[in-house]
Amino acid sequence: MNTNTTNTSVLLAGATGYLGGYIAKELQIRKIETKILVRNLEKTAHLKSEHSTIFQVEVTQAESLKGLFKGVNTVISTVGITRQKDGLTYMQVDYQANKNLLDEAKRAGVRKFIYVSVLNGRLHRNLKMVEAKEAFVDELLQSGLDFTVVRPNGFFSDMKDFLDMAKKGRVYLFGSGEQKFNPIHGQDLAAACIDAIGSVKTEIGIGGPDILTHNEVAQMALLANGKPINIVRFPHAIRKFVLWCFRTFTSSKTYGPIEFFLTFMGDDAIAPRYGCHRLSTFFQQEMDVIQKADK
Ligand SMILES: NC(=O)c1ccc[n+]([C@@H]2O[C@H](COP(=O)([O-])OP(=O)(O)OC[C@H]3O[C@@H](n4cnc5c(N)ncnc54)[C@H](OP(=O)(O)O)[C@@H]3O)[C@@H](O)[C@H]2O)c1
């Protein structure tokens, strides 16, 4: 799909991350004028193009956004805490930073806001990481702006955790390992996010083209590492006990990503299928990068 984006001017926040980087590249390919907001200019070499202007701001501080939205008609935000360890809470980043972007967008008369949350976010509001994202979705619903909430399945970037385990010769799973999901490559998801500019859908659930079991992903990761198939499966009771320990004895900053991961490892997570990138190819490419770096 390739919607008409003539006269579109985008403001992109989150471009220094995995998905945001692919969105910036796709905007560049489609020659869409883009303002890119970053907090760290050292991470921007790959983001520079004749159609983009880069601004250094702190999205968590509303006043640093003033005046930047002039002439913009669409905001795309992938801002959120994944593995950052800045001492900020999900509420300060996933909720408040995005709210700052939304408030400034409203003031400037922006037409549309595209926000990336998580698959089945509404069902998982009890999770720390999701609570803040869905609180922001509530703000979008009440904003009066056109909006699309993109709800992706797991990203290929996160599947590297399987590769890391496989490197050591063993992959750990929970339950039978037959839970199914369809992770998605950043490039495929980026195209869908930009297509959302012209979409009337307020929610887009989206995953990759292949529905895989955890066992299949573990096998792929071991094969890519040239290791024999060695998968250890823990009962779900252990998963739930580990979850309880983290929730009880650590702060939300520590347990947030673990809680999210352990919850999603417990069940099927299947989204409408999209894109053309295969996880097996991604694993092989990642291994090539690792092997080249090791030489
Ligand atoms: N990974 C998954 O499997 C998955 C699945 C579904 C949805 N999602 C969601 O999709 C979104 C994008 O994911 P991703 O993998 O692209 O994440 P990512 O690589 O960690 O990128 C997140 C972006 O948010 C920015 N950010 C984080 N904390 C910030 C702060 N305090 N101030 C300013 N900017 C801040 C980062 O900037 P810096 O580069 O400066 O840190 C980066 O540009 C996230 O909300 C994530 O939760 C992820």
Side-chain angles (χ1 to χ4, degrees), residues 17-19 21-22 78 80 82-83 116-121 123-124 127 129-130 150-192 205-240 242-243 246 256-291 293-294:
Y18 171 71
L19 174 59
Y22 280 107
T78 65
T82 56
R83 295 172 196 235
V116 179
S117 181
V118 292
L119 184 65
N120 299 329
L123 302 175
H124 294 289
L127 306 181
M129 190 188 253
V130 180
V150 180
R151 296 191 172 281
N153 215 329
F155 296 174
F156 276 17
S157 54
D158 277 350
M159 299 305 116
K160 287 192 220 167
D161 290 345
F162 281 89
L163 276 185
D164 291 342
M165 284 191 274
K167 192 175 174 188
K168 294 177 191 141
R170 193 174 294 161
V171 176
Y172 299 94
L173 299 178
F174 294 103
S176 66
E178 287 302 295
Q179 303 91 307
K180 297 187 184 75
F181 70 141
N182 55 329
I184 184 163
H185 193 290
Q187 194 178 344
D188 289 334
L189 183 53
I206 183 166
D210 298 321
I211 296 174
L212 302 163
T213 65
H214 295 179
N215 284 321
E216 285 170 331
V217 175
Q219 283 167 20
M220 272 183 206
L222 287 159
L223 285 174
N225 272 281
K227 304 278 186 192
I229 302 304
N230 185 358
I231 302 173
V232 178
R233 298 176 190 86
F234 293 112
H236 281 302
I238 300 269
R239 182 179 62 82
K240 288 176 187 160
V242 175
L243 239 167
F246 272 101
I258 296 164
E259 179 188 51
F260 183 77
F261 171 76
L262 288 176
T263 302
F264 277 83
M265 287 297 278
D267 236 325
D268 288 349
I270 301 173
R273 295 157 71 185
Y274 181 84
C276 58
H277 285 80
R278 326 297 298 256
L279 188 61
S280 52
T281 314
F282 174 77
F283 277 171
Q284 209 44 67
Q285 287 164 343
E286 283 300 308
M287 290 310 300
D288 290 347
V289 171
I290 293 167
Q291 277 155 12
D294 285 349

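Basis for what follows: all heavy atoms, side chains included, without hydrogens, waters or symmetry-related copies.
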With sequence neighbours excluded, residues passing side chain to side chain donor-acceptor pair (under 3.5 Å) with Gln284
none
Grab the two heavy atoms, one from Glu178 and one from Asp268, that are nearest each other, plus how far apart they are.
O-OD1, 4.3 Å
d(Gln285 CD, Asp288 CG) to nearest 0.5 Å is 7.5 Å
Distance-minimising heavy-atom pair for Gly177 and Thr213:
O-CB, 3.6 Å
Using only atom types and a distance under 3.5 Å, with no angle test, would you say the side chain of Gln179 pairs donor to acceptor with the backbone of Phe174?
yes
pair Ser176-Arg233: side-chain heavy atoms closer than 4.5 Å
no
Decide if the gap between the ring center of His124 and the ring center of Phe264 is smaller than 6.0 angstrom.
yes
Got a sec, which residues hit salt bridge (charged side-chain N to carboxylate O under 4.0 Å, His left out) with Arg278, two or more places apart in sequence or on another chain?
Asp210
Quick one: pull up CG in Asn153 and CD1 in Ile184 and give me the separation to the nearest 0.5 Å.
8.5 Å
Heavy atoms only: give me the nearest Ser117-Pro152 pair and the separation to one decimal.
O-CD, 3.1 Å
With a 3.5 Å distance limit and no angle check, can you tell me whether Asn182 reaches the backbone of Ile270 through a side-chain donor-acceptor pair?
no
For the CD1 atom of Ile238 and the OH atom of Tyr172, what is their distance to the nearest 0.5 Å?
13.0 Å
Are Leu223 and Phe283 close enough that some pair of their side-chain heavy atoms sits under 4.5 Å apart?
no
Atom of Ala271, atom of Gly205 and distance for their closest heavy-atom approach:
CB-C, 4.4 Å
Could you go through the salt bridge (Lys or Arg N to Asp or Glu O under 4.0 Å) check for Asp161 and Arg83 one step at a time?
CA-CA 13 Å; Asp161 290 345; Arg83 295 172 196 235; 3.5 Å; yes
Just wondering, do Val217 and Leu173 contact through their side chains at under 4.5 Å, heavy atoms?
no
CG of Asn215 to NZ of Lys180: how many Å apart, nearest 0.5 Å?
11.0 Å
Taking side chain as C-beta onward, heavy atoms only, is Val130 less than 4.5 Å from Asn120?
no
Nearest heavy-atom contact between Val171 and Met165 is CG1-CE, 3.9 Å
Quick one: does Arg239's side chain have a donor or acceptor within less than 3.5 Å of a partner on Phe234's backbone?
no
One should read off an interatomic distance between His277 NE2 and Asp188 CG, to the nearest 0.5 angstrom, of 5.5 Å
Residues, nucleotides or ligands: over 12 heavy atoms within 6.0 Å of Tyr18 OH
yes
Just checking His185 against Tyr22, ring centres under 6.0 Å apart?
yes
Can you tell if the side chain of Phe282 reaches within under 4.5 Å of the side chain of Lys160, non-hydrogen atoms only?
yes
CE (Met129) and CD1 (Ile258) are apart, to the nearest 0.5 Å, by 10.0 Å
